[in-house]
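Sequence lines set the chain letters: A, B, ... in the order given, protein chains first and strands last, and positions in each chain run from 1. Keep in mind the model is a prediction, meaning the values are calculated, not measured.
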Number of protein chains: 2
Amino acid sequence: MMNLQSLTTPHVQCGSCPIRHRAVCARCDSDELEVLDSIKYYRKFEAGQTVVWAGDQVDFVGSVVSGVASLTQTMEDGRRQMVGLLLPSDFVGRPGRSTAAYDVTATTDLMMCCFRKGQFEKMMQETPHVSQRLLEMTLDELDAAREWMVILGRKTAREKISSLLAIFARRNTLLTGGEASGRIVIDLPLTREAMADYLGLTLETVSRQISALRKAGVIELQGKRHVIIPDFDRLLDETGDDSDGGFYD
Amino acid sequence: MMNLQSLTTPHVQCGSCPIRHRAVCARCDSDELEVLDSIKYYRKFEAGQTVVWAGDQVDFVGSVVSGVASLTQTMEDGRRQMVGLLLPSDFVGRPGRSTAAYDVTATTDLMMCCFRKGQFEKMMQETPHVSQRLLEMTLDELDAAREWMVILGRKTAREKISSLLAIFARRNTLLTGGEASGRIVIDLPLTREAMADYLGLTLETVSRQISALRKAGVIELQGKRHVIIPDFDRLLDETGDDSDGGFYD
DNA sequence: GCGTTTGGTTGATCTTGATCAAAGTTGCCC
DNA sequence: GGGCAACTTTGATCAAGATCAACCAAACGC
């Protein structure tokens, strides 16, 4: 038997995985892991490396163990839009599909925990927990995608940047267990260009708006990637969202 | 036993449902339907009616039988963004959540087939097929959401309109069984304002771009809602997408 | 039939963010 | 330490789409 240890509700620390990763291990409070360990493996990538190209054959699914990966779609004339941002514990890949629909890129050094697709699919058949958990995660991702659509379609550049910073701030404080508030420090896992691709802006506009938020005292910068948010509520005021944040369960 | 009749792969015509609706019936090639019929019911809405308001308690899930519904998010200052467009066979509601995250509105006359949430959730526990099918549908919706993000983030107004028309054209021809090509006729299920909310534009810009496409001969109009696409490939050229359309399986 | 409402079109002007261009930082390799 | 490359900032100008405003047309109520 292995050392299973719940961190936050949906996350489970399992066996050799160094960090919570909830894709498959979650709720597997039985010895399913024994089987898993013989079919899962790790892959490491450096910042900037491509994990898979859109259109490639892909024979694995997996989840992010540490670092950040992004899904991007590129139009034929080169315009790029990020369509997914994968933080630790997020799932990558689509069971039942053999080619990648998007480029997957490591935006920081990245560690993934992968499963051969065939075996994963077999596991889904055999263990209802797995597809139920996957459904839950996919619904969360869909919610995030919809929030993202509001950002892309209706927010100003300044609101977009503020929203992105708020997303990172929330994810950061989630990891350490608390709720986002007061003074928060984040290390941006994205270049200005990647932020632009996330937000549907140009990198120049991203840079200018970050400078503007700095001049307005909403954020402080130490270097280019290290951001201090002295007052999280002040940042939220800049996002254009309702004050309550709109959480549902 | 009832008359089960496969139309296209994932769709099944079942019992008293007038049209294919795949949320629950799919793959239920057994007598599960007997049970279902005792717990499902229909709801009808007129164009413009609200199905649920964001924040409301919701005690049902369901799928669209006929007509079109939309999910919209409204910012506190009134800016609105559509985040979901529900066509026949699409699923509405999130199992495991008791309040609606978005406004659901009938954009045309609408018929829905609903299940009490508690019973639906019980069914998901008991029948793995259901949650597997739901996962598949949710993944499709996530893909659509990502395509939509590219539209919102990176396309010009003209490309946005063309993309939306292409989406309707594809859905239309899917229903009649074929592949989209050549001459296609569609009835827009959305007002100019709803199209604007879909695309992150103003209604004036929508109107202007539709006029521009008409003047360019890409589309013909009969009245305000009836659109003729004389050459589907010509329309596709205007969407900014790669010619192959980017389909994966 | 006529005023009203709802949804749509068209025009003039303004604003935001894109584009083009140059220069500033930081880190790294030799 | 110097030079290069990657990333970022800042500036000047431009253009797409928003905004404000007027008008149009079909449907509806009475």
Side-chain angles (χ1 to χ4, degrees), chain A residues 46-49 75 77-81 105-109 151-164 187-216 219-227 238 240, chain B residues 46-49 75 77-81 105-109 151-164 187-216 219-227 238 240:
Chain A
E46 281 171 36
Q49 272 192 296
M75 296 170 66
D77 61 1
R79 282 176 280 175
R80 287 199 312 163
Q81 177 63 50
T105 313
T107 67
T108 65
D109 290 347
I151 292 175
L152 287 171
R154 292 303 185 196
K155 291 193 178 180
T156 64
R158 184 173 175 128
E159 288 169 339
K160 284 178 173 183
I161 297 290
S162 304
S163 300
L164 182 57
D187 269 303
L188 294 176
L190 301 180
T191 65
R192 300 287 186 265
E193 189 179 23
M195 288 192 254
D197 287 342
Y198 187 117
L199 298 170
L201 297 170
T202 59
L203 65 90
E204 292 94 329
T205 298
V206 170
S207 180
R208 272 185 252 271
Q209 294 299 332
I210 288 180
S211 296
L213 287 174
R214 184 176 51 68
K215 279 172 197 145
I219 60 173
E220 292 159 27
L221 287 176
Q222 280 174 4
K224 288 148 199 314
R225 296 294 192 93
H226 199 74
V227 178
E238 299 282 352
Chain B
E46 282 171 34
Q49 273 192 294
M75 295 171 66
D77 61 1
R79 281 175 280 174
R80 289 200 310 163
Q81 176 63 49
T105 313
T107 68
T108 65
D109 289 347
I151 292 175
L152 286 171
R154 293 301 186 196
K155 290 193 178 179
T156 64
R158 183 175 175 126
E159 288 169 339
K160 284 178 174 183
I161 296 288
S162 304
S163 300
L164 182 56
D187 268 303
L188 293 176
L190 301 179
T191 64
R192 301 287 186 265
E193 188 180 22
M195 288 193 254
D197 286 343
Y198 187 117
L199 298 169
L201 298 171
T202 59
L203 65 91
E204 292 95 330
T205 299
V206 170
S207 180
R208 274 184 252 271
Q209 293 301 330
I210 288 180
S211 296
L213 287 173
R214 184 176 50 68
K215 279 174 197 143
I219 59 174
E220 292 158 28
L221 287 178
Q222 280 174 4
K224 289 147 196 318
R225 297 292 193 93
H226 199 75
V227 178
E238 298 282 353

Completion exercise
Rounded to whole Å, CZ of B:R214 lies from C1' of C:dT10 at a distance of 11 Å
Problem - Length of the CG-C1' vector between B:L203 and C:dT9, whole Å - result: 10 Å
Practice task
Give me the residues of residues 191-198 of chain B where at least one heavy atom lies under 4.0 Å from an atom of DNA chain C, by number, or none.
Solution key: B:T191, B:R192
Completion exercise
Rounded to the nearest 0.5 Å, the CZ atom of B:R158 sits from the OG1 atom of B:T156 at a distance of 8.0 Å
Handout entry: OP1 or OP2 of D:dT8 under 4.0 Å from side-chain N/O of A:R225
Key = yes
Exercise for the section: Of all the heavy-atom pairs spanning B:I210 and B:I219, show the shortest one and how long it is. Expected result: O-CD1, 3.8 Å
Problem - Euclidean distance, atom CG of residue B:L190 to atom C1' of C:dG7 [Å, nearest integer] - result: 14 Å
Exercise for the section: Say whether, by atom type as modelled, one donor and one acceptor occur between the side chain of B:R79 and the main chain of A:R154 under 3.5 angstrom. Expected result: yes
Practice task
Output the distance between atom CZ (A:R208) and atom CG (A:L203), rounded to the nearest 0.5 Å.
Solution key: 9.5 Å
Exercise for the section: Calculate the interatomic distance between B:E46 atom CD and D:dC28 atom P; express it in whole Å. Expected result: 12 Å
Handout entry: Nearest-0.5 Å distance, OG1 of residue A:T205 to CD1 of residue A:I161
Key = 8.5 Å
Problem - Whole angstrom value for the distance that separates C1' of D:dC7 from CG of A:L188 - result: 13 Å
Problem - Donor-acceptor contact below 3.5 Å, side chain B:R225 vs main chain B:L188 - result: yes
Exercise for the section: Examine distances only and state if a side-chain atom of A:D109 and a backbone atom of A:A47 form a donor-acceptor pair shorter than 3.5 Å. Expected result: yes
Practice task
Would you mind reading off the distance between B:I161 atom CD1 and D:dG17 atom P, rounded to a whole angstrom?
Solution key: 10 Å
Problem - Any donor-acceptor N/O pair, B:Q81 side chain to B:D197 backbone, under 3.5 Å - result: yes
Exercise for the section: For nucleotides 14-28 of chain C, just jot down a letter per nucleotide in 5' to 3' order: B, S or -, based on protein non-hydrogen atoms under 4.0 Å. Expected result: ---SSBB-----S--
Problem - Gap between atoms CZ and C1', on B:R79 and D:dT19 respectively (whole Å) - result: 14 Å
